[in-house]
Enquirer: 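One structure follows; several queries about it will come next.
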There are 2 protein chains.
Amino acid sequence: MARGPRPSEIHAEVGRRLATRGVRYTSGRRTVIGALQRVSGPQSAADLHKRIRSVPLSSLYRSLTVLDESGIVRRHHDAVGLARFELAEWLTGHHHHVVCIDCGTVEDVELDAATETVLDTVAASVAGSAGYELGGHVLEVEGVCSSCRV
Amino acid sequence: MARGPRPSEIHAEVGRRLATRGVRYTSGRRTVIGALQRVSGPQSAADLHKRIRSVPLSSLYRSLTVLDESGIVRRHHDAVGLARFELAEWLTGHHHHVVCIDCGTVEDVELDAATETVLDTVAASVAGSAGYELGGHVLEVEGVCSSCRV
DNA sequence: TTCCTTGCAAACGATTTGCATTGGA
DNA sequence: TCCAATGCAAATCGTTTGCAAGGAA
């Protein structure tokens, strides 16, 4: 399975990628990447802001936007419509999400190669029959997490 | 595959479901359900409002909220974060989405029973290994639609 | 020096809500 | 009749943006 660069190399990778686009890898942006690296699952701007009070919200949003446009982070939207950000798959490895229907928590999950192959096949046939050129796939498994099941 | 009631029976089904919750099936709500029935893929409030000018936006949102809470429509959020609504699966049958990475269009796709079984198995194992009680699954296939590929 | 980036405050826009009125069972 | 539903306008709130100051190459 395609895991990304190891954690210690992520900053270098990101810096390189930004450089080729004429974008600076400033300390604020490093802080954001660092925070995303330390957690699991997509984070809202508010979540991140709580962890890194040094970066004001507006700058945080601006950084996340640039990082998204540069393919370094990926923006999702949770069930409530809140924007949530996570490192792109080339940095973390391909993975899927398990979403708790009750509390909304999202956790990352990696599938074994065999299963992933099956999904690829399914995705390809779906894309084909709809006349789409396949780009990727996202499997979201919904359920009730252990804390909500108590 | 579990298809829902036929189109002509949907209003009756919806009315029945709402009644058990002490919610009225008013003409405005009928209009909304009718509009959702006529299109394919999740619609934004603005989309719906364009089709049914008779229902003011605020009422539209209120109806969609009630219908969502009653399990009659389901709310999603597209790549831009806009809320999009579609009839619940017990009314339309279980299906998945193909999303165009370029224009954001979302189309419904139904898989054959065999493939669906495979997905169920995958979803169950994912939920299990994450300690979740399985609720359902969503496969989103991303690609480039034919019009964007020109 | 030259742009890109940052901070703050103000602006935006989708969605929600208060309140008086209307309408369905 | 009686309470839920509606419409309008005002309020929310996550997110974006203008502009002047700060910082990296």
Side-chain angles (χ1 to χ4, degrees), chain A residues 11-12 14-35 42-70 72-86 104 106, chain B residues 11-12 14-36 42-70 72-86 104:
Chain A
H11 284 303
V14 171
R16 216 164 299 156
R17 178 107 158 204
L18 288 178
T20 68
R21 308 183 102 239
V23 175
R24 295 174 189 160
Y25 196 26
T26 62
S27 73
R29 289 170 186 174
R30 267 169 217 277
T31 308
V32 174
I33 295 296
Q43 308 290 305
S44 70
D47 289 342
L48 291 170
H49 185 240
K50 257 180 286 182
R51 286 172 191 278
I52 48 181
R53 294 190 318 272
S54 64
V55 182
L57 256 185
S58 68
S59 302
L60 182 49
Y61 274 112
R62 267 198 274 234
S63 292
L64 289 168
T65 301
V66 171
L67 292 169
D68 179 29
E69 291 167 349
S70 304
I72 291 162
V73 310
R74 169 128 193 212
R75 178 191 307 233
H76 299 279
H77 289 272
D78 65 18
V80 197
L82 257 187
R84 292 186 170 275
F85 305 84
E86 64 179 346
V106 182
Chain B
H11 284 303
V14 171
R16 217 164 299 155
R17 177 109 161 205
L18 287 178
T20 68
R21 307 184 102 239
V23 175
R24 294 173 188 162
Y25 196 24
T26 61
S27 73
R29 290 171 185 173
R30 269 167 217 278
T31 309
V32 173
I33 296 296
L36 284 174
Q43 307 290 304
S44 70
D47 288 342
L48 292 171
H49 185 240
K50 256 179 289 182
R51 287 173 190 278
I52 48 182
R53 293 191 318 275
S54 64
V55 181
L57 256 185
S58 68
S59 302
L60 182 49
Y61 275 112
R62 266 197 274 234
S63 292
L64 289 168
T65 300
V66 170
L67 293 169
D68 179 29
E69 291 166 349
S70 304
I72 291 163
V73 310
R74 169 126 193 213
R75 176 191 308 235
H76 299 279
H77 289 273
D78 64 16
V80 197
L82 256 187
R84 292 186 169 277
F85 305 83
E86 64 179 346

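Just so we're on the same page: letters track the sequence lines, and every chain starts at 1.
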Enquirer: Can you give me every donor-acceptor pair (side chain of residues 53-65 of chain B, partner residue at least two apart or in another chain, under 3.5 Å) with its distance?
Expert:
{"from": "B/S63", "atom 1": "OG", "to": "B/S59", "atom 2": "O", "distance (Å)": "3.2"}
{"from": "B/T65", "atom 1": "OG1", "to": "B/Y61", "atom 2": "O", "distance (Å)": "2.8"}

Enquirer: Under 3.5 Å between N/O atoms: give me all the protein pairs with nucleotides 16-19 of chain C, atom names plus distance.
Expert:
{"from": "C/dG18", "atom 1": "O6", "to": "B/R62", "atom 2": "NH1", "distance (Å)": "3.4"}
{"from": "C/dG18", "atom 1": "O6", "to": "B/R62", "atom 2": "NH2", "distance (Å)": "2.9"}

Enquirer: Apply salt bridge (charged side-chain N to carboxylate O under 4.0 Å, His left out) to A/R51 and list each qualifying residue two or more places apart in sequence or on a separate chain.
Expert: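 A/R51: no salt bridge (charged side-chain N to carboxylate O under 4.0 Å, His left out) contacts found.
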Enquirer: Taking heavy atoms of chain A and a 4.0 Å limit, find me the 5'-most and 3'-most nucleotide of DNA chain D within that range.
Expert: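 Both ends considered, the range comes out as D/dG14 to D/dA24.
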Enquirer: Who pairs with A/H76 by side chain to side chain donor-acceptor pair (under 3.5 Å), at least two apart in sequence or on another chain?
Expert: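 Listed in chain order: A/E86.
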Enquirer: Can you list the residues that meet the side chain to side chain donor-acceptor pair (under 3.5 Å) rule with B/R74, with sequence neighbours excluded?
Expert: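 Expected list: A/E142.
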Enquirer: Residues from residues 16-29 of chain A sitting under 4.0 Å of DNA chain C, heavy atoms only?
Expert: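 Those residues are A/V23, A/R24, A/T26, A/R29.
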Enquirer: For A/D47, check side-chain contact (heavy atoms from CB on, under 4.5 Å) against everything at least two apart and list the hits.
Expert: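 Applying side-chain contact (heavy atoms from CB on, under 4.5 Å) to A/D47 gives A/Q43, A/S44, A/K50, A/R84.
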Enquirer: Any ring pair (Phe, Tyr, Trp, His ring centres under 6.0 Å) involving residues 15-35 of chain B? Give me the pairs, sequence neighbours left out, ordered by first then second residue.
Expert: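 For residues 15-35 of chain B: B/H11-B/Y25.
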Enquirer: Let me test you: for the helix from C/dC12-D/dG14 to C/dA25-D/dT1, what is the angle between the axes at its two ends (five pairs each), rounded to 10 degrees?
Expert: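 Inter-axis angle at the ends, rounded: 30°.
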Enquirer: Tell me, which of residues 43-51 of chain B have any heavy atom that sits under 4.0 Å from an atom in DNA chain D?
Expert: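 Close to the strand, none.
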Enquirer: Partners of B/V23 by side-chain contact (heavy atoms from CB on, under 4.5 Å), sequence neighbours excluded?
Expert: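 Per chain and number, B/V23 pairs via side-chain contact (heavy atoms from CB on, under 4.5 Å) with B/L18, B/R21, B/R29, B/V66.
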